[in-house]
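Read the numbers this way: they start at 1 and go in the same order the structure lists the ligands and their atoms. Nothing fancy with the numbering, it's 1 onward along the sequence.
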Amino acid sequence: MLWDFEYFEPVTISEAINLLNRFGAGAKVIAGGTDLLVDMKDEKIRPKFLVSIMKIPQLKYIIEDGGALRIGAATTLAEIEESPIVREKYGLITEAVKALGTVQVRNMATIGGNICNAIPSADLPPALVTLDAQVKIAGINGERTLPLDEFFVGVRKTRMNNELLTEITVRQPPGHSGTAFIKLSRTSEDLAMVNVATRITLNKEGVCQEARIAIGGGVGPTLLRPREAEKILEGKKLDEETIRLAAEISCQKFQCRPTSIRAHPEYKIEAGKALVKRALVKALGRAGGGK
Ligand SMILES: Cc1cc2nc3c(=O)[nH]c(=O)nc-3n(C[C@H](O)[C@H](O)[C@H](O)COP(=O)(O)OP(=O)(O)OC[C@H]3O[C@@H](n4cnc5c(N)ncnc54)[C@H](O)[C@@H]3O)c2cc1C
C-alpha cells in the first residue's frame, strides 16, 4: 500500500544518519519531496521509512567562506534564488535555479534533492560542475568529500551508500570569468531536452585560461563534461571557429536513449551544438572577451 511507511523528523545530522543506518535499504531521505513523492505516487519506489531532513538547521545555510560558497543540502531553491551573495558573485547558480520548475516547486525543492535524485536532466548539476563543485557526504563511518562530476554513476545512481549529502561547495569564478546557463525544454516548467552550463576564464591578455562545459538533459546516463572540448578552448584567444569546433566536439559523445520522451537523439545532438556555442559566446562576452 502506497502510504504504509513510518515518518521521522530528526533535528540533527547525526540523528538522521543513525536512522538511515538503523533502517538500511528500507529507508529514504525526504527533503522537499518534489521528486520522491511523485515516484512514490507512481509506485516506482515504496520506502518503509521516510527520514525528513527539513527540520535540521545544520543543513540550511548559504555562507561565503574564503573565495568559496557553501550551501547546506536542505536549502530550498527559492532561498538560493533570493540570495544576494549568490546573485552577485555566483550568478550562474541563480540563472540555473530560475530555469527550474515553477515558483511552487522552487519553494519546496532543495539543492540536495536536485543532486541526489541523479536524473541526467536535472538543471543544477551542470551549473555547479562548471564552478568546480564539491559535495560533502556524511554516513555512519564519517564524512567524505567528492568532486560533483564524480558523484554520479548512472541514471538515479550516485556514490552514496546509505549516506546523507550535507553540503555543496563551489569556487568563486576567478577575475575575468564569464558564465552562462541555457536550457531547452518543451515548456518552461518541464525537464530539459538539453541544458548547458559554461565558464570561460581569461587572462589579462584575453587568452582563455580555463574553460568548463557541462551538458545535461539525458545526453547520457549522467551529465557530460566534454574535457576534450575544454582543452580546445584553453590557451587560445577565442574566435568563432574555435568555439564552433568546441561545440561540435562537445556533442560527439552523446548517448541519448532513442526512446526518450522529450526529444529524438539526432535533435538533441544538433540542439546541443547550438546551445554549447551560444553558451560559450555568452560566457566569453561576460568575461569581457570576444569583442
Ligand atoms: C512540476 C515539477 C517540475 C519540475 N521541474 C524541474 C526542472 O525544470 N528541472 C529540474 O532539474 N527538476 C525539476 N523537477 C524535479 C525536482 O523538483 C527537483 O529535482 C528538486 O530539486 C528535488 O528536490 P527535493 O528537495 O524536492 O528532493 P526530494 O524529492 O525530497 O528527494 C529527491 C531524491 O534525493 C534524495 N535526497 C534528497 N536530499 C538528500 C540528501 N541531502 N542526502 C541524500 N539523499 C537526498 C531523496 O531520497 C530522493 O531520492 C520538477 C518537479 C516537479 C514536481
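Heavy atoms of Ile137 come nearer than 4.0 angstrom to ligand 1 in no pair at all. Heavy atoms of Met160 approach ligand 1 to within less than 4.0 angstrom.
Checked by distance only, ligand 1 and Leu165 come closer than 3.5 Å through their nitrogen or oxygen atoms. Some N or O of Gly33 is nearer than 3.5 Å to an N or O of ligand 1, by distance alone. Where the criterion is an N or O separation shorter than 3.5 Å, residue side chain and backbone included, Leu100 fails it with respect to ligand 1. Polar contact check, Gly101 against ligand 1: a nitrogen or oxygen pair lies under 3.5 Å apart.
Of the protein's non-hydrogen atoms, the one nearest atom 15 (C) of ligand 1 is Asp35 OD1, 3.2 Å. Of the protein's non-hydrogen atoms, the one nearest atom 12 (N) of ligand 1 is Leu191 CD2, 3.5 Å. Here the heavy atom of the protein found nearest to atom 5 (N) of ligand 1 is Glu189 O, 3.3 Å. When only non-hydrogen protein atoms are considered, atom 49 (O) of ligand 1 lies nearest to Lys28 NZ, 3.3 Å. Shortest contact from atom 26 (O) of ligand 1 to any protein heavy atom: Thr34 OG1, 2.6 Å. When only non-hydrogen protein atoms are considered, atom 47 (O) of ligand 1 lies nearest to Val29 O, 2.5 Å. Among all non-hydrogen protein atoms, the one lying nearest atom 9 (N) of ligand 1 is Asp123 OD2, 2.8 Å. Protein heavy atom closest to atom 2 (C) of ligand 1, with residue, atom name and distance, is Val105 CG2, 3.6 Å.
Residue Ala31 holds the heavy atom nearest to atom 30 (O) of ligand 1 of all those in Gly112, Ala31, Ala27, Ala16. Here atom 40 (C) of ligand 1 lies nearest to Cys116 when heavy atoms of Gly113, Ala109, Cys116 are compared.
Smallest separation of non-hydrogen atoms from Ser177 and Thr201: OG-OG1, 2.7 Å. Nearest heavy-atom pair, Pro47 versus Phe5, reported as atom, atom and distance to 0.1 Å: O-CB, 3.4 Å. Here the shortest heavy-atom pairing between Thr158 and Cys116 reads CG2-O, 3.9 Å. Taking both residues in full, the closest heavy atoms of Ile213 and Ala229 are given as CD1-CB, 3.9 Å, listed atom of the first, atom of the second, then distance. Counting all heavy atoms, side chain and backbone alike, Leu223 lies closest to Pro126 at CD2-N, 3.7 Å.
Checked against the 6.0 Å centroid threshold, Phe23 and Phe8 count as a close aromatic pair.
Close approach of ligand 1 to Ala122 (heavy-atom distance below 4.0 Å) involves ligand atoms 11 (O). Near Thr110, meaning under 4.0 Å from one of its heavy atoms, ligand 1 places the atoms 21 (O), 23 (O), 24 (P), 25 (O). Of all the atoms in ligand 1, the ones that sit under 4.0 Å from a non-hydrogen atom of Ala73 are 41 (N). Below 4.0 Å from some heavy atom of Asp190 lie the following atoms of ligand 1, by number and element: 8 (O). The Leu164 neighbourhood of ligand 1 comprises atoms 42 (N), with distances under 4.0 Å to a heavy atom of that residue.
No path of Ile, Leu, Val, Met, Phe, Trp and Tyr side chains, each step under 4.5 Å between heavy atoms, connects Phe152 with Val194, placing them in separate hydrophobic clusters. A continuous path of hydrophobic side-chain contacts links Leu69 to Leu148 [ILVMFWY only; heavy atoms under 4.5 Å]. Linking ILVMFWY side-chain heavy atoms closer than 4.5 Å, directly or via other members, places Met108 and Leu59 in two distinct hydrophobic clusters.
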Next on the checklist: Applying salt bridge (Lys or Arg N to Asp or Glu O under 4.0 Å) to Arg70 and Glu64, what does each step give before you reach the verdict?
Outcome noted: CA-CA 6 Å; Arg70 294 168 43 215; Glu64 214 189 12; over 6 Å; no
Item to check | side-chain contact (heavy atoms from CB on, under 4.5 Å) between Ile45 and Lys28, intermediate numbers included | outcome: CA-CA 10 Å; Ile45 52 165; Lys28 262 296 194 187; 4.1 Å; yes
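Side chains of Arg244 and Thr242: a donor-acceptor N/O pair is absent below 3.5 angstrom, by distance only.
Heavy-atom contacts from other residues, nucleotides or ligands closer than 6.0 Å to NZ of Lys236 number more than 12.
A side chain to side chain donor-acceptor pair (under 3.5 Å) with Arg212 is found for exactly one of Thr130, Thr179, Asp132, namely Asp132.
Counting heavy atoms closer than 4.0 Å to ligand 1, residue Leu59 contributes nothing at all. Residue contacts with ligand 1 for Lys183 involve side-chain atoms from C-beta outward but no N, CA, C or O (heavy atoms, distance under 4.0 Å).
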